[in-house]
Each structure stands twice: as structure tokens, then as C-alpha cells.
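Residue numbers start from 1 in every chain, and the chains themselves are labelled A, B, ... in the order their sequence lines are given, proteins ahead of strands.
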Amino acid sequence: MSIFLDRNTKLVIQGITGRDGSFHARLMMEYGTRVVAGVTPGKGGQTFGGSVPVFNTVADAVDATGADASVIYVPARAAADAMLEAADAGIALIVCITEGVPVLDMMRALPYLREKGARLIGPNCPGLITPGQAKIGIIPGMLATPGPIGVVSRSGTLTYEVVYQLTRAGLGQTTCVGIGGDPIIGTNFIDCLDAFQRDDTTRAVVIIGEIGGTDEQNAAGFVQSGMTKPVVGFIAGQTAPPGRRMGHAGAIISGSSGTAAEKMEAFQRSGISVMQRPADVVDLLRRRL
Amino acid sequence: MNLHEYQARELLRQAGIPVPPDDVAGTPADVRRIAERLGGRVVVKAQVHAGGRGKAGGVKLAASPAEAEQVAATILGMKIKGLTVQKVLVAPTAEIASEAYVGVIVDRASQSPVFMVSPAGGIDIEEVAANTPEKIFRARVDPRYGLLPHQALGLAFKLYPDIALARQAADILQKLYRAFVEAGGSLAEINPLIRTPDGRVVALDAKMSVDDNELDRRPAIAALRDATAEEPSELRAREAGLTYIKLDGNVGCCVNGAGLAMATMDLVKYYGGEPANFLDIGGSSNPEKVVSALQIITADPNVKAILFNIFGGITRCDDVANGIVTATGRFAVKVPIVIRLTGTNEKEAVEILARVGMQALTDMDEAVKRAVAAATGGAAA
């Protein structure tokens with residue numbers, strides 16, 4: 001078992017003929033992901049990598065292959081429309097790797113995606129991996145190994161660091177999800193924590209947050225009220241300098257400065273074991289399992 | 001990207017919001033001339049990308065052009081939160097019957113723009129929010145429809161019970177939202193929005209921040225960037241495609257990815273050191289970026305050791321290794337370099353470094369410990 005992604009997921013790659021899209025398409029296929037189609041407007045009818053049909057639209061790809069997930073590697077200015085196109089075609093899981101998507105585009109796209117019943121992961125995220133089964137995105141496959149730990153993170157390479165520590169210590173993972181570091185994202189910590197709580201094979205969860213915003217505080221509240229599985233957490237940015245913040249609206253809206261100390265306290269209060277450094281993840285998990 | 005007040009005022013003026021006339025100057029003599037033209041009594045305001053200008057002494061009233069010249073001389077060149085004041089805005093003083101606050105921000109929690117208004121505006125608005133939150137009124141905007149007229153009027157009535165004033169304020173709120181969207185804003189704020197004794201509602205100040213991801217498709221906004229308002233090393237880094245923030249410690253850090261970069265700085269502190277900077281070389285792996293990164297780090301005289309922490313994914317370790325070798329061949333790096341790299345093309349990277357007699361570690365904790373020891377005068381790595 002796993003969350004969001006398994007070996008049966010049928011993936012369409014939006015932007016499969018681009019530089020990043022083609023490179024990571026090959027890595028995903030090598031890992032075992034069922035890549036059933038690619039989309040690049042104007043290149044419909046071609047074949048990618050000798051076996052993957054390319055279509056002009058996501059709708060064509062879904063009609064022909066029954067794809068139920070998509071990954072987006074298109075330029076930032078086209079990314080929001082690519083999400084909407086996937087949702088219109090009935091795709092249930094949309095993963096957007098593209099970074100630099102304007103926030104105003106995301107605010108308009110998200111209500112539409114929700115009305116269509118689509119889950120978006122990202123944008124500006126490394127994607128997700130269910131070790132031994134499939135990966136969507138750019139997380140290096142050799143880092144992860146199957147096991148009972150769920151991982152959810154706002155970061156990219158810091159996620160790799162923590163997964164690497166877990167794998168080295170023999171603590172495998174059910175699914176690792178990088179939800180992305182942008183202010184407006186499709187899937188948040190709570191969505192993932194809830195899915196891990198419901199997933200029978202996940203026995204403990206690692207949550208990796210950062211300074212800024214209040215998502216970690218909200219996640220802490222959810223852990224306290226909605227989770228029975230042990231959770232171990234890390235917050236990056238304890239030494240980050242206070243910003244030269246402009247205006248007052250940020251502080252007024254959240255009533256929070258979003259510091260690492262504030263988030264670590266929220267974790268502690270809600271029963272999350274807090275790591276002082278990434279390497280602590282192993283000991284803390286062993287103690288709680 | 002933050003805009004200066006004078007730039008934000010101009011955008012609000014273009015949107016049709018009443019903003020008093022103003023001008024910008026870089027010398028006290030120019031300030032005097034502007035004050036003469038504006039009629040004598042003026043306010044002189046530091047133009048820096050930092051909040052709390054008034055409390056730092058960067059905003060002063062002057063009763064005459066001569067006094068304006070004097071106060072400008074004290075404000076120009078002063079430092080506010082580390083930034084040197086290079087320009088001041090000069091505007092006529094206004095008669096104020098009351099001060100309100102209005103702002104719109106991208107709210108992460110509701111994933112939409114949220115307006116906030118308060119009849120208790122002015123410099124202590126954050127204290128108002130903390131101590132008397134009932135004086136702050138909010139409205140969530142559906143970005144697909146924008147600020148609806150009844151929402152604007154509803155907020156405006158919270159500021160002014162009088163319908164004539166409320167209509168003026170509602171009009172300003174609508175225009176503020178339009179200016180916010182057209183600039184690709186993440187924040188737009190008027191504080192104070194004033195009522196004059198003769199019953200007009202006027203914006204006396206303006207703050208705007210723009211989403212950096214909007215700049216590609218809004219060249220007119222991108223052109224407002226004031227490179228002289230940035231820390232020179234941070235500007236150089238941005239032009240090289242790096243994200244760099246200078247700090248006061250002595251362990252220079254070069255990392256790929258913002259989260260890992262912050263975690264690395266935290267670990268430097270954990271092992272008793274102080275990071276000299278935040279530096280994220282980003283997701284691509286161009287060796288030239290690594291050369292630029294090393295140039296920027298070594299230009300900081302406080303740096304006593306340099307720590308590379310690279311976790312290869314999209315970034316290839318061999319590209320980083322090539323960058324380090326190229327840089328050390330081009331200019332002398334006089335402090336010890338500790339290198340940790342693992343992930344994509346790690347083996348190739350280790351070979352590239354070994355050829356020039358450098359070694360690489362695979363463990364983050366070990367690398368940080370060695371870098372801290374090297375910086376604090378312990379054994380060099």
C-alpha cells in the first residue's frame with residue numbers, strides 16, 4: 001500500500017518532448033512507472049522512447065490510454081493552463097514540477113481543479129515516489145526503499161537528505177511526497193498526513209517544514225486531533241535572519257511571524273518528536289515505532 | 001520584488017486613486033527645490049525596501065524648504081535595517097482628520113487575496129491587530145471575480161459610517177485591487193488612508209510587493225527594479241542566477257536547494273559555528289554558477305572556511321566538482337574548502353576532485369563539523 005501513487009497508476013507526461021520532460025520520462029520509466037502517454041501540442045502521432053505514444057492534447061491521451069495521473073514539465077507561463085487541461089480531461093492526480101508559476105495563476109486555477117475533483121501536487125515540487133512501485137517527478141529513485149515510513153516535505157533536496165538517512169538506516173518508506181515550497185499549493189501537509197493515517201502500511205510519518213506561513217502549525221493541530229500514528233518533524237531555517245519585511249498585512253493576516261522556533265514549539269505541543277538536525281530522524285523514529 | 005513608495009504611489013495614481021503630488025530626490029539641494037515647488041511645508045521620506053522607516057527616523061516633517069534641505073541631509077545616507085538611504089520622497093503635508101489602514105495580500109491559508117481594513121490606521125497598525133483584533137475587518141476575494149462592489153462598500157462602511165466617505169473609500173478599494181492584480185502583486189497597502197477635514201479620502205502612503213514570477217510577463221513592472229537598493233553582493237548573486245543572503249558568521253555555505261541550504265546553516269550553528277551566508281545554487285548545474293558562488297563567498301572577508309553541501313538530483317555532482325576546480329584554478333581561495341556531495345554522478349565528482357588533490361565527504365554532519373573546526377581555527381579539513 002501507499003498514498004496517491006502505486007504500480008497501477010497510469011501516467012501521462014505533459015511536455016514529454018521538452019528537455020526536462022524527456023530526461024525525467026526515461027528515469028520514471030526505468031524506475032517502473034507506467035508511462036502510458038505523452039502530450040506535446042503539434043507532435044501528436046509521434047512516439048517517445050520507442051513505446052510511448054505522444055498526443056496533441058491531454059483529452060486525446062486519456063481517451064486512447066485511460067491515463068489517470070499527469071505530470072507537468074511545461075514552462076511556467078503555460079503551467080496553470082496545463083493543470084486545467086488535465087483536470088478537464090478527467091485526470092485525478094496532477095503533479096506540477098514546474099517552478100516559477102505566478103501566484104495569481106494558482107489562485108485562479110485551484111478552485112477550478114477542486115470543482116473537477118482533481119488533486120494537484122505542487123507546483124514547484126519534486127513530485128512523489130512509492131518505493132519499489134513507481135515515481136512521478138524528479139526524486140532520485142535510488143534514494144528510497146520500500147518500508148513503513150511516510151514522508152511529506154515542503155522542500156526538495158532536504159527531502160532527499162532525510163530519505164537518504166532513512167534508507168541508510170534500513171527504515172524504508174511507503175510514499176515520499178514533496179508538496180512544494182510555493183505560497184499557494186494544491187496539496188498541503190494535512191492532506192498527506194490524513195492519507196498516511198488512513199494507509200494501512202504506513203506506521204509512522206516524517207514531516208519536513210520550513211520557516212514562513214502557518215502550514216506547519218496547522219499540521220500540528222491535525223496531528224494532535226486526527227492522528228494516532230507517531231510523527232517526527234523537522235523545521236529548516238532556525239538560523240534564517242528576520243526578513244526586511246514590507247508592509248503590515250502579512251503579520252496581521254496570520255498573527256504569526258512564521259519563525260522556526262514558533263513552528264517547533266507547535267510540533268512539540270502536539271506530540272510530534274522534533275529533530276534538531278536531519279540525522280536525528282532515525283533515532284526518533286526508532287524510539288516511536 | 002519590493003517597489004519603492006514613490007513607485008507604488010505612481011501605480012496607485014495611474015489606477016485613479018487620489019494620491020498627493022510628490023517627487024524624488026537624491027540630494028538635499030534637490031529636496032529644497034522640490035519643497036519650494038510643492039509649497040513649503042513637506043514630509044521627507046526615506047525610500048528603502050524595509051518596513052519601520054518612521055520609527056527608524058527616516059520620515060520627517062519640514063515647515064520650510066530650508067528645513068526640508070536640512071532633514072534630507074540627515075536622512076540621505078542613513079542606514080535602515082542595513083540598507084543605505086539613497087533617495088527620499090518629498091510630498092506636501094496633509095491635514096488629517098482621521099487615519100485608516102487598507103491592504104490586500106495573497107493569503108496562503110485561504111489561497112486567495114484577502115482585504116484587510118481598519119479605522120485605526122497609522123504606524124501602530126500591527127499592535128492594533130495584536131491587541132484589538134476586533135478593529136481589523138477582512139474580506140476574502142474570489143480571484144476569479146475580483147473584489148465585488150458590495151464587498152468593497154461593506155469594508156468601506158467599517159472605515160466611515162458616512163455614505164459619501166464610504167463611497168470614496170469603496171472606489172479606492174476597487175482601484176487598489178485592480179492595481180494589485182495588474183502589477184502581479186503579492187501585497188498592496190495604503191497606510192494611512194486619510195480623511196481630510198473637508199471630507200476627502202486620500203492615500204498618503206503606498207507599499208507594493210510584486211510576485212517575482214510575474215516579472216517575465218510584466219516588463220514595465222520589472223523595469224522598476226532598483227538595483228542600487230540591494231546589497232551589492234546579493235545583486236551580483238541574483239544576476240548570476242543564485243539566491244544569496246549575507247549574514248555575519250564565518251562559515252561560507254554553498255548548497256543546492258533552499259530547504260537544504262537552511263538546514264545546513266542550522267547544522268553549522270548546531271555544531272558551534274556561525275553561517276556567513278545563505279546561498280542556493282538552484283536546481284540546474286552549470287559549473288559557471290559554482291564559480292560565481294565561490295567568488296561571492298570568498299569576497300566576504302569574514303569567511304574562514306567554505307562548506308559545500310550538494311545533494312545531487314537535477315543538480316549533477318560532477319558539474320559542481322568541475323565548477324570548484326575551475327574556480328580554484330582561476331583565483332586563489334585562501335580558506336579551507338570542505339566538500340560534501342552525494343547523489344547524481346557522485347562517483348565522477350569524486351574523481352574530478354581527486355585529480356586536483358581535493359577530497360569529498362558523503363556525510364552532511366561530518367562535513368559541517370569539519371567546516372566549523374576549520375573556521376574556528378581547528379584542524380583544516
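The main-chain N or O of B:F311 is never found under 3.5 Å from a side-chain atom of A:T157 such that the two would form a donor-acceptor pair.
Residues B:Y270 and A:Q238 form no side-chain contact, since every pair of their non-hydrogen atoms from C-beta on lies 4.5 Å or further apart. Side-chain contact between A:H24 and B:I314 is present, with heavy atoms from C-beta onward closer than 4.5 Å. No side-chain heavy atom of A:S155 sits less than 4.5 Å from a side-chain heavy atom of B:M262. Contact check for A:L104 versus B:D211: no side-chain heavy atoms found under the 4.5 Å cut-off. In this structure, B:D363 and A:R168 have side chains that are in contact, with non-hydrogen atoms separated by less than 4.5 Å.
For B:A263, the parts sitting under 4.5 Å from any heavy atom of chain A are the backbone and the side chain alike. Interface remark: A:P183 contributes backbone and side-chain atoms alike to the contact with chain B (heavy atom separation under 4.5 Å). The parts of B:V181 that come within reach of chain A are both its backbone and its side chain, each placing non-hydrogen atoms under 4.5 angstrom from that chain. For a residue to count as touching a neighbouring chain, one of its non-hydrogen atoms must lie under 4.5 Å from one of that chain's; by this rule B:F115 does not touch chain A. For B:R340, the part lying under 4.5 angstrom from a heavy atom of chain A is the side chain only. In this structure, chain A has a heavy atom under 4.5 Å from the side chain of B:T342, while its backbone stays farther away. Both the backbone and the side chain of B:P113 come within contact range of chain A, each with at least one heavy atom under 4.5 Å from a heavy atom of that chain. B:N256 touches chain A through backbone and side chain together, each having a heavy atom under 4.5 Å away. Neither the backbone nor the side chain of B:I310 comes within less than 4.5 Å of any heavy atom of chain A.
Environment of CG in B:D248: sparse, with no more than 12 heavy atoms of neighbouring residues, nucleotides or ligands closer than 6.0 Å.
Checking B:T264, B:D266, B:L247, B:V268 one by one against A:T239, the side-chain contact (heavy atoms from CB on, under 4.5 Å) holds for a single residue, B:D266.
Here the OG1-CE distance, from B:T344 to A:M142, works out to 5.0 Å after rounding to the nearest 0.5 Å. For the atom pair B:M364 CE and A:R277 CZ, the distance stands at 10.0 Å (nearest 0.5 Å).
Side-chain polar atoms of A:Y112 and B:R144 form no donor-acceptor pair below 3.5 angstrom.
Highest contact tally toward chain A, considering only B:D365, B:L267, B:V128, B:N309, is held by B:D365 [criterion: heavy-atom pairs under 4.5 Å].
Residues B:D216 and A:R77 are not paired through a salt bridge, judged by the lack of any N-O separation under 4.0 Å between the basic side chain and the carboxylate.
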